[in-house]
Amino acid sequence: QLKLEDYKDRLKKGEALNQDQLEAVEKYDEVVHNLEFAKELQKTFSGLSQDLLKAQRKAQRRESLLKLEAEKKKLRTILQVQYVLQNFTQEHVQKDFKGGVNGAIYLPSKELDYLIRFAKLTCPGRNENL
């Protein structure tokens, strides 16, 4: 653009320009228009790029939150199962299941023993001071 402006100034001062320079001066307005269009296009692409980055970050945050919720749900399930299994290690609970009383179903001693052993293997001991 600066070169074209220089040609234009030289032509106004009466200097002789070669054919290529004269053609370039004739297309000055077209070149300026194309440069302005390119600048606007660049701004548009930049805005779209920023919007895309924002959308990607938002999707990543949403995905992270969904993963976190899924992990929380798994942990809740594990803790619930551990709680139920730990109850089988208590004598009064064992008596209820052996007799099928107090809302507990009847469990044969062999099955109850399996549950008790499984509970002892899978559930860490609780620290009651915590």
Side-chain angles (χ1 to χ4, degrees):
Q1 185 178 358
L2 292 175
K3 200 172 204 181
L4 289 176
E5 287 175 4
D6 180 52
Y7 292 159
K8 208 173 176 183
D9 289 342
R10 287 170 51 190
L11 190 61
K12 283 181 185 178
K13 291 178 185 175
E15 287 186 36
L17 301 175
N18 65 33
Q19 186 61 30
D20 289 343
Q21 293 169 333
L22 287 172
E23 287 176 11
V25 169
E26 287 175 10
K27 295 185 179 185
Y28 176 80
D29 290 335
E30 184 180 338
V31 169
V32 170
H33 173 72
N34 286 341
L35 285 174
E36 289 174 6
F37 177 72
K39 286 178 186 176
E40 288 298 319
L41 200 56
Q42 189 271 338
K43 286 180 187 177
T44 301
F45 285 140
S46 178
L48 289 172
S49 176
Q50 291 299 320
D51 291 345
L52 179 61
L53 285 173
K54 287 178 187 176
Q56 285 175 333
R57 281 189 226 119
K58 191 174 182 179
Q60 286 174 341
R61 279 194 301 270
R62 194 175 327 125
E63 186 177 323
S64 294
L65 286 174
L66 289 174
K67 283 181 182 179
L68 182 62
E69 286 303 315
E71 288 298 318
K72 285 180 180 179
K73 187 176 180 180
K74 285 180 191 177
L75 183 58
R76 274 193 300 271
T77 302
I78 290 169
L79 291 174
Q80 288 170 345
V81 169
Q82 281 184 337
Y83 176 76
V84 170
L85 287 173
Q86 283 176 339
N87 282 325
F88 281 108
T89 62
Q90 298 177 18
E91 284 191 39
H92 72 279
V93 173
Q94 293 172 20
K95 286 179 186 175
D96 289 347
F97 278 97
K98 283 179 184 175
V101 294
N102 294 326
I105 62 168
Y106 168 75
L107 284 178
S109 293
K110 189 174 184 180
E111 289 181 22
L112 189 58
D113 287 341
Y114 287 145
L115 282 171
I116 293 167
R117 278 194 262 153
F118 183 67
K120 287 179 181 177
L121 289 172
T122 58
C123 300
R126 278 195 173 182
N127 183 347
E128 298 297 330
N129 294 329
L130 294 178

For residues [X] and [Y]: do they belong to one hydrophobic cluster (side chain heavy atoms under 4.5 Å, members Ile, Leu, Val, Met, Phe, Trp, Tyr)?
X: Ile105; Y: Leu115; answer: yes
X: Leu52; Y: Leu41; answer: no
X: Leu107; Y: Phe118; answer: yes

Qualifying salt bridge (Lys or Arg N to Asp or Glu O under 4.0 Å) pairs with a residue from residues 80-93, counting only residues at least two apart or across chains: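 Found none.
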Look up atom [atom1] in [X] and atom [atom2] in [Y], then write down how far apart they are to the nearest 0.5 Å.
X: Phe37; Y: Thr44; atom1: CZ; atom2: OG1; value: 8.5 Å
X: Lys54; Y: Arg57; atom1: NZ; atom2: CZ; value: 8.0 Å
X: Thr122; Y: Leu85; atom1: OG1; atom2: CG; value: 5.0 Å

Exercise answer: donor-acceptor pairs, residues 92-99 side-chain atoms, under 3.5 Å, sequence neighbours excluded:
{"from": "Gln94", "atom 1": "NE2", "to": "Phe88", "atom 2": "O", "distance (Å)": "2.9"}
{"from": "Gln94", "atom 1": "NE2", "to": "Thr89", "atom 2": "O", "distance (Å)": "3.4"}
{"from": "Asp96", "atom 1": "OD1", "to": "Asn102", "atom 2": "ND2", "distance (Å)": "2.9"}

Lys12: partners by salt bridge (Lys or Arg N to Asp or Glu O under 4.0 Å), with sequence neighbours left out: none
Identify all side-chain donor-acceptor contacts of residues 13-25 below 3.5 Å with residues at least two apart in sequence or on another chain.
{"from": "Glu15", "atom 1": "OE1", "to": "Arg10", "atom 2": "NE", "distance (Å)": "3.1"}
{"from": "Asn18", "atom 1": "OD1", "to": "Asp20", "atom 2": "N", "distance (Å)": "3.1"}
{"from": "Asn18", "atom 1": "OD1", "to": "Gln21", "atom 2": "N", "distance (Å)": "2.8"}
{"from": "Gln19", "atom 1": "NE2", "to": "Glu23", "atom 2": "OE2", "distance (Å)": "3.3"}
{"from": "Gln21", "atom 1": "OE1", "to": "Asn18", "atom 2": "N", "distance (Å)": "3.0"}

Residues that Tyr106 engages under side chain to side chain contact (heavy atoms under 4.5 Å, CB included), provided they are two or more places apart: Pro108
Side-chain ion pair, Glu40 and Lys43, N-O less than 4.0 Å: yes
May I have the list of side-chain donor-acceptor pairs in residues 62-80 shorter than 3.5 Å, sequence neighbours left out?
{"from": "Ser64", "atom 1": "OG", "to": "Gln60", "atom 2": "O", "distance (Å)": "3.0"}
{"from": "Thr77", "atom 1": "OG1", "to": "Lys73", "atom 2": "O", "distance (Å)": "3.0"}

